[in-house]
Q: 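Structure provided below as structure tokens; questions to follow.
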Amino acid sequence: MRAIAFGLAAAVAACQPSASNAVELGQSPAGLEQLRLTIASNGKKNPFTVEVARSTEEQAQGLMYRSSLAADRGMIFPFDTPRQASFWMKNTLIPLDMLFLKADGSIAHIAHNAVPHDETPIDSGAAVKAVLEVKGGTAAALGIKEGDRVEYQTQPAQ
């Protein structure tokens, strides 16, 4: 089963629920909530539109069976409370970068270019509040590194 994560906490006080954000973006073709986020790195803010895998079922499915992912897209996996997280690439057809996010929004660990179909667990290395998956190679291409920050607004769980 696929482990998941995401949702930034108190240190990201600006990230309070925003109804306008979700309404503006609507649902993805997969039926998931979408939101905008930025990854602040090297003095730049890199914008992404991501799907939110909030429920256990959504988190278990993740990006499995997707044949492509645009460079400015991804999926975020929020956790209610920080915890160790472990992911795998079973049934995932494309390489992914996995960004493991602390409660303050900083990146604790990056797993670069996770290999499609690999069932080897990829561990967060620390307690995290969320995991962000983006197209493989994106972190290196944009110079994103551990310690950089992810900022977003999300809806509360329904």
Side-chain angles (χ1 to χ4, degrees), residues 1-15 28 30 32-64 66 69-157:
M1 182 170 181
R2 190 177 172 89
I4 1 300
F6 205 70
L8 300 178
V12 188
C15 296
S28 71
L32 298 177
E33 170 191 348
Q34 297 184 100
L35 60 85
R36 289 194 174 97
L37 60 76
T38 59
I39 303 174
S41 180
N42 299 316
K44 292 184 179 180
K45 290 197 174 221
N46 301 289
F48 289 83
T49 300
V50 299
E51 294 172 274
V52 181
R54 192 177 302 283
S55 72
T56 302
E57 295 78 19
E58 292 166 350
Q59 291 182 351
Q61 178 71 30
L63 290 170
M64 289 180 178
R66 306 264 182 117
L69 185 64
D72 65 345
R73 295 288 184 150
M75 184 173 283
I76 194 161
F77 301 80
F79 293 132
D80 291 332
T81 58
R83 66 176 187 181
Q84 287 288 131
S86 182
F87 280 53
W88 65 2
M89 294 289 288
K90 181 178 181 180
N91 298 321
T92 305
L93 309 177
I94 54 176
L96 298 172
D97 287 348
M98 296 179 189
L99 287 66
F100 294 90
L101 308 175
K102 296 179 187 178
D104 68 357
S106 64
I107 299 171
H109 175 64
I110 301 174
H112 295 272
N113 279 307
V115 178
H117 304 288
D118 189 353
E119 295 185 27
T120 305
I122 300 169
D123 189 71
S124 61
V128 295
K129 185 74 169 144
V131 176
L132 173 61
E133 293 181 339
V134 295
K135 183 176 183 175
T138 298
L142 296 177
I144 296 167
K145 60 194 174 309
E146 293 173 4
D148 287 346
R149 295 183 101 49
V150 177
E151 302 168 356
Y152 77 99
Q153 293 181 334
T154 186
Q155 295 284 16

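The basis for the numbers below is simple: all heavy atoms, side chains too, and nothing from hydrogens, waters or symmetry mates.
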Q: I need the minimum non-hydrogen distance between M64 and W88, along with the two atoms involved.
A: CE-NE1, 4.2 Å
Q: Is there a donor-acceptor pair closer than 3.5 Å between any side-chain N or O of D97 and the backbone N or O of H112?
A: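 Pair absent, no side-chain N/O of D97 close to backbone of H112.
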Q: Would a distance-only check, ignoring hydrogens and angles, find a side-chain to backbone donor-acceptor pair under 3.5 Å from T38 to A40?
A: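 The answer is no, because no donor-acceptor pair under 3.5 Å joins these two groups.
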Q: Using the side chain to side chain contact (heavy atoms under 4.5 Å, CB included) rule, take I107 and K145 through it: C-alpha gap first, then chi angles, then the decisive distance, then the call.
A: CA-CA 7 Å; I107 299 171; K145 60 194 174 309; over 6 Å; no
Q: With sequence neighbours left out, what residues match E57 under side-chain contact (heavy atoms from CB on, under 4.5 Å)?
A: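 Listed in chain order: S55.
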Q: What's the shortest heavy-atom distance between F100 and A111, and which atoms?
A: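 F100 and A111 have their closest heavy atoms at CE1-CB, 4.3 Å.
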Q: Looking at S41, is its backbone amide N or carbonyl O close enough to the side chain of D148 to form a donor-acceptor pair, meaning the two atoms are under 3.5 Å apart?
A: no
Q: Taking C-beta and beyond as the side chain, do L93 and H117 meet within less than 4.5 Å on heavy atoms?
A: yes
Q: In the structure I gave you, are the side-chain heavy atoms of V50 and Y152 within less than 4.5 Å of one another anywhere?
A: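 They are not in contact (no side-chain heavy atoms under 4.5 Å apart), so the answer is no.
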Q: Testing the basics here: between P95 and N113, what is the closest heavy-atom pair and its distance to 0.1 Å?
A: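 For P95 versus N113, the nearest heavy atoms are CB-OD1, 4.0 Å.
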Q: In chain order, what residues pass the side-chain contact (heavy atoms from CB on, under 4.5 Å) check against S28, with sequence neighbours excluded?
A: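 With sequence neighbours excluded, S28 shows a side-chain contact (heavy atoms from CB on, under 4.5 Å) to A30, L32, Q34, E51, given in chain and number order.
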Q: Just how far is it from atom CZ of R149 to atom CG of L37, taken to the nearest 0.5 Å?
A: 14.0 Å
Q: Give a yes or no on this: more than 12 heavy atoms of other residues, nucleotides or ligands lie within 6.0 Å of atom NZ of K44.
A: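 No - once you tally the heavy atoms of other residues, nucleotides and ligands closer than 6.0 Å, there are 12 at most.
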Q: Considering only heavy atoms from C-beta outward, does the side chain of V52 approach that of L35 to under 4.5 Å?
A: yes
Q: As a quick check of understanding, evaluate side chain to side chain contact (heavy atoms under 4.5 Å, CB included) for V131 and L101, giving each step before the final call.
A: CA-CA 6 Å; V131 176; L101 308 175; over 6 Å; no
Q: Got a second to check how far H109's NE2 is from K102's NZ, nearest 0.5 Å?
A: 12.5 Å
Q: Would you find a donor on one side and an acceptor on the other, under 3.5 Å apart, between the side chain of E133 and the backbone of G74?
A: no
Q: Is there side-chain contact between M98 and M89, with heavy atoms separated by less than 4.5 Å?
A: yes
Q: Under a 4.5 Å cut-off applied to non-hydrogen side-chain atoms, are I39 and L132 in contact?
A: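 They are in contact (side-chain heavy atoms under 4.5 Å apart), so the answer is yes.
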Q: Who pairs with D72 by side-chain contact (heavy atoms from CB on, under 4.5 Å), at least two apart in sequence or on another chain?
A: A70
Q: Are any of the side-chain heavy atoms of T49 and R36 separated by less than 4.5 Å?
A: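 Yes, at least one pair of side-chain atoms sits under 4.5 Å.
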Q: So, does N46 use its side chain to make a donor-acceptor pair with the main chain of L142 at under 3.5 Å?
A: no
Q: Heavy atoms, side chains only, cut-off 4.5 Å: are Q84 and D123 in contact?
A: yes
Q: Could you check whether any side-chain heavy atom of L96 comes within less than 4.5 Å of a side-chain heavy atom of L69, counting everything from C-beta outward?
A: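 Contact flag for L96/L69 side chains = yes.
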Q: For D80, does its backbone N or O pair with a side-chain atom of K129 as donor and acceptor, under 3.5 Å?
A: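 Yes; at least one donor-acceptor contact below 3.5 Å.
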Q: Mind listing the closest non-hydrogen atom pair of G147 and S106 along with its distance?
A: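 Heavy atoms of G147 and S106 come nearest at O-CB, 4.1 Å.
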Q: Let me see the working for R66 and M75 under side chain to side chain contact (heavy atoms under 4.5 Å, CB included), right down to the final yes or no.
A: CA-CA 12 Å; R66 306 264 182 117; M75 184 173 283; 3.7 Å; yes
